[in-house]
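Reviewing the structure listed below.
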Amino acid sequence: MALIALAADKGAPGVTTAAVALGAVWPRPVLVAECDQAGGDLVYRLPAQDGDGAEAMLNPSRGLLSLAATARRGLRPDQIAEHCQRLVGGLDVLVGITNAEQAQAMTWLWGPLGRAFAGLAPVDVLADCGRLGADTPLTELMREADLVVLLTRATLEQVAHLRERVSALTESLRGGPPVGVLVLADPRDFRAPIAEVDRILAGARNRGHAVDTGGQPGPPPPPVSVLGGLALDPKGAELLSGQWGGRLDRSLLIRSAREVAGDLVGRLPSAGHAPEQPVGPDVRDGAPRQDVPHHVEGRR
């Protein structure tokens, strides 16, 4: 139904954590897909749910790697479910590759995968794109997105790197989806770091339009906006990884993720019109939840 690409520049601060946190509280049917070219982390972090409902390990061979092996002759949205796995608690995930070497043979995949994600009705896809580098082939996936979301911490170094990444990315995505920025910061004072990031990004946001070789204006760069803040909450992130006991649904991370998820869904196609029931066994119910599923409540 909609594709949201999550990424960052240098250091990739918390992209996977943000993707899982948002997926856990997403108010519509959702799939979290690991598309990080450096390799995925979910198989090391969270338990899967087997056919009997018990905990099991995620299978690293079932996911993006197995999907790529079947997609050489074309990729349809209905093929994706066969390669997804379900976490304990109900969140569906497409596990990523295990190392960067595998990504070198998959540069052809990202455009078709983005189109398949965008056509995966009635499911929204949160694509964890990890750290973006120069000339990343993931640009082809991001072109198919409804929204590209970049994460940054509110430090001078990271925002400076982000400003340069925004300039390069919007140039690559001319005529493409809007770009939003989420600031990872102390939720007790979101306003100041968000305002500072917005100020620093203003130059990148307003850079000029390129022209084509015939001297005619080309497609404009996508708009860039600061969407808000996501809690920089190390304890909540450890709960999300299953390393702490206790309840995660009261954490600053999840509380802020709920607000961000609601805002993002409001920006997407068909916002507020979630389907009555999911399609197929690999898509969880999308009804809003009051509590975070067990797989992100922390291991007791």
Side-chain angles (χ1 to χ4, degrees), residues 2-16 18-19 31-40 64-65 67-68 71-72 74-75 77 80 94 96-97 99-120 124-152 158 160-182 201 204-205 207-213 217-227 264 267-269:
L3 169 60
I4 305 93
L6 303 170
D9 191 64
K10 188 174 182 181
V15 179
T16 300
L31 169 69
V32 173
E34 284 192 297
C35 300
D36 190 342
Q37 290 191 291
L64 192 60
L65 197 60
L67 179 62
R72 287 286 184 178
L75 178 58
I80 295 174
L94 182 69
I97 57 177
N99 58 68
E101 287 71 24
Q102 292 171 339
Q104 297 175 3
M106 297 171 60
T107 55
W108 60 273
L109 178 66
W110 305 115
L113 185 62
R115 290 188 287 275
F117 283 157
L120 193 62
D124 294 329
V125 177
L126 304 177
D128 170 10
C129 297
R131 174 181 175 179
L132 300 180
D135 300 320
T136 173
L138 287 173
T139 302
E140 298 304 313
L141 183 149
M142 289 186 283
R143 283 187 179 280
E144 308 298 331
D146 295 275
L147 178 65
V148 176
V149 178
L150 301 178
L151 282 81
T152 186
Q158 289 212 3
H161 284 293
L162 178 70
R163 179 180 58 190
E164 298 308 312
R165 179 57 52 207
V166 165
S167 295
L169 184 62
T170 52
E171 184 67 26
S172 299
L173 292 178
R174 283 181 172 272
V179 177
V181 176
L182 281 177
L201 288 179
R205 184 186 300 120
R207 290 183 182 176
H209 299 274
V211 295
D212 62 24
T213 55
V224 179
S225 60
V226 178
L227 304 176
L264 293 181
R267 299 169 184 266
L268 298 176

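This one's a predicted model, so the numbers in the text were calculated from it and none came from an experiment. For the numbers below, each heavy atom of this structure counts, side chains included, while hydrogens, waters and symmetry mates do not. Quick note: residue numbers are just sequence positions, from 1.
Inter-residue side-chain proximity for L227 and R267 is flagged as met; some heavy-atom pair is nearer than 4.5 Å. Within the 4.5 Å cutoff, the side chain of L64 has heavy atoms near those of the L113 side chain. Inter-residue side-chain proximity for D124 and D146 is flagged as unmet; no heavy-atom pair is nearer than 4.5 Å. When side chains are defined from C-beta on, L6 does not count as touching L182, because their heavy atoms never get closer than 4.5 Å. Side chains of P177 and P222 form no contact here, defined as non-hydrogen atoms less than 4.5 Å apart. Looking only at side-chain heavy atoms (C-beta outward), L75 and L109 come within less than 4.5 Å of each other.
Judged as a salt bridge (charged side-chain N to carboxylate O under 4.0 Å, His left out), and not counting sequence neighbours, the contacts of E144 are R115. For the salt bridge (charged side-chain N to carboxylate O under 4.0 Å, His left out) test, residues two or more places apart in sequence or in another chain that qualify with R165 are D9. Residues forming a side chain to side chain contact (heavy atoms under 4.5 Å, CB included) with S172 (at least two apart in sequence, or on another chain): T139.
Across C35 and L141, no two heavy atoms sit closer than the pair SG-CD1, 4.0 Å. The shortest heavy-atom contact between V125 and A33 is CG1-CB, 4.1 Å. Across every non-hydrogen atom of A18 and L151, the tightest pair is CB-CD2, 3.5 Å. The minimum heavy-atom distance linking P137 with T107 is given by the pair CG-CG2, 4.2 Å. Across every non-hydrogen atom of A8 and V15, the tightest pair is CB-CG2, 3.7 Å.
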Apply side-chain contact (heavy atoms from CB on, under 4.5 Å) to I80 and F117, showing your working. CA-CA 8 Å; I80 295 174; F117 283 157; 3.7 Å; yes

Go through R143 and L173 one step at a time and tell me if the side-chain contact (heavy atoms from CB on, under 4.5 Å) criterion holds. CA-CA 6 Å; R143 283 187 179 280; L173 292 178; 3.6 Å; yes

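In this structure, T16 OG1 and L126 CG are separated by 12.0 Å, a value rounded to the nearest 0.5 Å. With rounding to the nearest 0.5 angstrom, the NE2 atom of H161 is 14.0 Å from the CG atom of L132. Here CD of Q37 is found 12.0 Å from CZ of R131. Values are rounded to the nearest 0.5 Å. How far CG of L94 is from CG of L65: 10.5 Å, rounded to the nearest 0.5 Å. Considering SG of C129 and CG of D36, their distance stands at 8.0 Å, rounded to 0.5 Å. Residue L162 holds its CG atom at 6.0 Å from CG of L150, rounded to the nearest 0.5 Å.
Side chain of E34 to main chain of G96: a donor-acceptor pair is present (N/O by atom type, distance under 3.5 Å, no hydrogens or angles).
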